[in-house]
2 protein chains.
Amino acid sequence: MSRKKVIFSLIENETDRKVSHKKRHIGLLKKAQELMTLCEVEMDVIIYSPYSNEPKVFPNHGVAISTFRKFKEFATSENKKIW
Amino acid sequence: MSRKKVIFSLIENETDRKVSHKKRHIGLLKKAQELMTLCEVEMDVIIYSPYSNEPKVFPNHGVAISTFRKFKEFATSENKKIW
DNA sequence: CTAACTATAATTAGTGT
DNA sequence: CACACTAATTATAGTTA
């Protein structure tokens, strides 16, 4: 995305992939924070990666739980067949 | 972010805010998709906004449920006091 | 391995239709 | 309203230390 266009598939080289992951992980959460702040949005992001033993929960555990519960309630009330 | 630097607070004008939300919502999910594809990452994003009656669940309901369950199991096993 | 730098690609605020 | 355009900002691949 900068010195070269991104090729839209898994980055084969492990070192490159790890570095890219770190940068993009930061970038994604920054974008998420901006969307929440600039517009009136409630959101959460949960990320699992091979580079960390624990999931990254954004913005925090409390919001993630609250948001997921609302999602589950919505899906149930809408009688969606997803459970 | 383009013709003007972004001011990091709620966009007061409702029309501007709605337009910005639409653009940034698309942009965020694109970045999320890229992170998943380029690096080996499992993730989900749930977004609530005043502009839609239903939450946006990315990449889909099944992944969101799976990811959230893993998060809950992790938190429980780690004996975190978050429930 | 990490972190800083920088050239270039990608995103997007403002604008026009 | 939605979409296309584009100037300007922001993100980041590759590089250097």
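Computed from a prediction, not measured in an experiment: that's the story for all the values here. Residue numbers begin at 1 in each chain, while the letters A, B, ... track the order of the sequences.
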Among Ile, Leu, Val, Met, Phe, Trp and Tyr joined by side-chain contacts under 4.5 Å, find the other residues sharing a cluster with [X] and list them by chain and number.
X	answer
A:Leu10	none
B:Ile26	none
A:Met36	A:Leu28, A:Leu29, A:Leu35, A:Val41, A:Met43, A:Val45, A:Ile47, A:Phe58, B:Leu28, B:Leu29, B:Leu35, B:Met36, B:Val41, B:Met43, B:Val45, B:Ile47, B:Phe58
B:Val63	none

Starting at the 5' end of DNA chain D, which residue's closest nucleotide do you reach first, B:Lys18 or A:Ile11?
->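 Taking each residue's closest nucleotide, the earlier one in sequence belongs to B:Lys18.
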Atom pair distance, as rounded to whole Å: [atom1] in [X] and [atom2] in [N]:
X	N	atom1	atom2	answer
A:Leu35	D:dT10	CG	P	16 Å
A:Ile26	C:dT2	CD1	C1'	12 Å
A:His21	D:dA11	NE2	C1'	16 Å
A:Ile7	C:dT8	CD1	C1'	15 Å
B:His25	C:dT11	NE2	C1'	16 Å
B:Lys30	C:dA10	NZ	P	7 Å
B:Asn13	D:dC1	CG	P	13 Å
A:Leu28	C:dA10	CG	P	17 Å

Pairing annotation in dot-bracket form, given for DNA chain C with Watson-Crick or G-U pairs under 3.5 Å and | for cross-strand partners = .||||||||||||||||
Quick one: salt bridge (Lys or Arg N to Asp or Glu O under 4.0 Å) partners of A:Lys30, sequence neighbours excluded?
->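 Applying salt bridge (Lys or Arg N to Asp or Glu O under 4.0 Å) to A:Lys30 gives none.
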How would you list, by chain and number, every residue that makes a side-chain contact (heavy atoms from CB on, under 4.5 Å) with B:Asn53, sequence neighbours excluded?
->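 B:Asn53 satisfies side-chain contact (heavy atoms from CB on, under 4.5 Å) with no residue once adjacent residues are dropped.
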Which distance, rounded to the nearest 0.5 Å, do you find between the CD of B:Glu73 and the CZ of B:Arg69?
->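 Result: 8.5 Å between the selected atoms.
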Can we call the ring centroids of B:Phe71 and B:Phe74 under 6.0 Å apart?
->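 Here the rings of B:Phe74 and B:Phe71 have centres that are no less than 6.0 Å from each other.
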The side chain of A:Arg24 lies closest to which of these nucleotides: D:dA13, C:dT11, D:dC1?
->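 Selected nucleotide (nearest to the side chain): D:dA13.
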Within the structure shown, what part of the strands sits under 4.0 Å from B:Lys22 by heavy-atom distance: base, sugar-phosphate, or nothing?
->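 If one applies the 4.0 Å heavy-atom cut-off, B:Lys22 turns out to touch the sugar-phosphate alone, with no base involved.
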Ring pair (Phe, Tyr, Trp, His ring centres under 6.0 Å): which pairs involve residues 11-55 of chain A, sequence neighbours left out?
->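 Sorted result for residues 11-55 of chain A: A:His21-A:His25, A:His21-A:Tyr51.
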Where do N or O atoms of nucleotides 14-17 of chain C meet protein N or O atoms at under 3.5 Å, pair by pair?
residue, atom, partner, partner atom, Å
C:dG14, O6, B:Lys23, NZ, 2.9
C:dG14, N2, B:Arg3, NH2, 3.1

